[in-house]
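Residue numbers count from 1 along this sequence. Fair warning: this is a prediction, and the values are worked out from it, not measured in the lab.
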Amino acid sequence: MNRSTMRTQEQEPPVSLPTDQPPPWTPRRIAVWAGIALLGAVAWSMLALGRGEKVNAVWFVFAALCSYAIAYRFYARFIVNRVLRADDTRATPAERLENGIDFHRTDRRVTYGHHFAAIAGAGPLVGPVLAAQMGYLPGTIWIIVGVIFAGAVQDLMVLFFSMRRNGRSLGQMAREEIGPVGGIAALVAVLAIMIILLAVLALVVVNALAESPWGVFSIAMTIPIALFMGVYLRYLRPGRITEISLIGCALLLLSIVAGGWVANSSLAGVFTLDKVTLVWCLIIYGFAASVLPVWMLLAPRDYLSTFMKVGTIALLAIGILVAAPATTMPAFTDFAFNGKGPAFSGSLFPFVFIIIACGALSGFHALISSGTTPKLIEKERQVRLIGYGGMLTESFVAIMALVAACSIDQGLYFAMNSASGLTGGTAAGAADFINNRLGLAGVSIGADQLNAAAAAVEEKTLVSRTGGAPTLAIGLSTILSGVFGGAAAKAFWYHFAIMFEALFILTTVDAGTRVGRFMLQDTIGNVVSRFKDTSWKVGSILASAVIVAAWGSILLMGVTDPLGGINTLFPLFGIANQLLAAVALAVCVTILCKSGRVRYAWVPGIPLVWDGVVTLTASWQKIFSENPAIGYWAQHQAYKDAIANGKTKLGPAANLDQMEQVVRNTFIQGTLSIIFAVLIIIILLDAARVCLSHLRSGRAIDSEHPHEQSRVFAPAGLFATAEEKRIEKMWAERGPEPAGTAGVAAGRE
């Protein structure tokens, strides 16, 4: 392909470089990649072969980064060029359908920030921390290998296929590609699962921010900062990405410091909110973020939070490299095999692959990849950076969370992640449980040690602080205080981490609500066509109200759950999330088969088979297990029988009202588990039927939007190459961009 074919008009500068070709293999380049491969192999050997001794946390960093580098350089390039055939001469929906509300051509750096912020919610923080009870090795293998061959592949392919179909939602793509039966099942399943996911993500935010004026103030301040950034980019200094990035970052850091001042001032009471009040605040915020133009709040706020997210994880990685802490958790614990862990019940297979979703493979990401992000991308080849690269970044977050959890004292870890029904909620009760009833040899702790750990971070207690977020905060504060500030700074780093986690998760809630609105409008649009127009104000307001009401009601159920919302809802969240990934991968396989690219169907097909086996096995156990600690219906029946026998309390349920609430909650959760499993089986069978039908007929069907020539240029990677800078200069010298194509953040500096 020559230069002239990269132009859509002879008098215009090029809109694309020739098809992405790797640089030539020079001796220096060969040496660099050989070194990366060797370092990665050594790191993996240290993690996998070490037994009976503590492993230096540095090896986790090297194993992850070396694996990511090789995967991004080779596998992601192969998928984009060979499997997807990305073409930068083709106009994206953001260019063709620009409306300044949902479709908005956005600088790739802002889009990457938005996408990463939207997908990186509770999963990469909470899941690895909970899974650490099984040892460090199962989680490490699944997080790194899973993201390379499953999670990043799903995100990349769904993003690309949605972009080629005018930003269609996952449910709508399933309906159009698979057919009416599987498609309708997919629409129902995706929308229902979406509601569960948003509720659980919001629940983690509520648990992290409840009674925390520091965290509430800092999080609240990100909203006016984001609004200022949106106005700045649209009206004051269009296209000045670096400029507003520095301003936004400075304001964000100021809000974090000011949060500490507020927490110690007379204003603390104003920002000290209980869980129910926080639920209503989140509902109002989610509604506003869904209906406001994307440039005004959603994109700049997510971009802003990315500074905090990436910066904190990079800081943690530096802290690990400098402090070189050793893991206290072994490669495997007994809980990996007996399934009796206090953080969650169930054996290594299948539950470690369910508990660790985000960071390895997450169906929720497919909703973002077919929701807001495909409506923002400037050029097709940017999907490699945004889809695959964004997921690799999230995977690194998960690895850092796992390392932080595995580096703290095992006794403290299990005291924090055991329910109050086991520990009694006191330091003495927790010490008794750990020392006498936990069942792990060599793990012990005293009540005075637990009290000292709480005092070190200025908390009243750390006992039974379940949900993963406080444990990660302890791990992060332990590592960072060892490098920056010493023991005196431990409390600061702990509260900094709590705020960081809340910010991390909240960005998923706002983007997810908007995606839910798109999905509901797509679904209703099959009956009332006007709803398909996402820029229709009445439709967007009505759909947003329904979505926030749905996840808000489940969130209220979670914050008042006697068994602890996380302990009961997170397994359902994990199963629903991975079943959603099965839908996304099935859509990808179907599109490849229908479009005549069946020889590449193995790329999403292999992770689809694995995910299907894992999630349906987990669903079977949650539905049919006779162990009340695992099976929803077994737990439901146990509490129902206890009520019938006149008991007024059982386990964590302290009175009859709470026992009846457990009966209601387990009925809802068990019923949803059955519905989700049945719907997914229908979808997979119908997708298989469609694929076989097209294989037999040999016909190729192109369901993409027809090719329209692009009239703009943008670099493909995070940093522009010399050739890309040369073309950008040509466009700058040419003058203003064609009318209707300029996006708020799309200008060039």
Considering residues at least two apart in sequence or located in another chain, which fulfil the salt bridge (charged side-chain N to carboxylate O under 4.0 Å, His left out) criterion with Arg164?
-> Glu380, Glu704
Minimum heavy-atom separation for [X] and [Y], please, with both atom names.
X: Gln669; Y: Tyr632; result: OE1-CE2, 3.4 Å
X: Ala401; Y: Pro124; result: CB-O, 3.4 Å
X: Ile683; Y: Ala189; result: CD1-CB, 4.2 Å
X: Ile148; Y: Tyr388; result: O-OH, 2.9 Å
X: Ile178; Y: Ala687; result: CG2-N, 3.8 Å
X: Ala186; Y: Val583; result: CB-CG1, 4.4 Å

Just how far is it from atom CD1 of Ile313 to atom CD1 of Ile399, taken to the nearest 0.5 Å?
-> 11.0 Å
Kindly indicate, with the supporting measurements, whether the criterion ring-ring contact (aromatic ring centres under 6.0 Å, His included) is fulfilled by Phe353 and Trp610.
-> CA-CA 10 Å; Phe353 307 102; Trp610 170 255; 5.1 Å; yes
Kindly indicate whether the side chain of Phe116, heavy atoms from C-beta on, has any atom under 4.5 Å from the side chain of Thr373.
-> no
Residue pair Ile355 / Phe344, side-chain heavy-atom distance below 4.5 Å = yes
Which side-chain hydrogen bond (donor to acceptor under 3.5 Å, both in side chains) pairs, counting each pair once, include a residue from residues 577-587, with sequence neighbours left out?
-> Ser362-Asn577
Take Arg165 and Glu177, measure what salt bridge (Lys or Arg N to Asp or Glu O under 4.0 Å) needs, and give me the verdict at the end.
-> CA-CA 11 Å; Arg165 289 159 180 78; Glu177 300 296 337; 3.1 Å; yes
Under 3.5 Å donor-acceptor, Thr92 side chain and Ile377 backbone | yes
Check: Asp155 main-chain N/O paired with His365 side-chain donor or acceptor under 3.5 Å | no
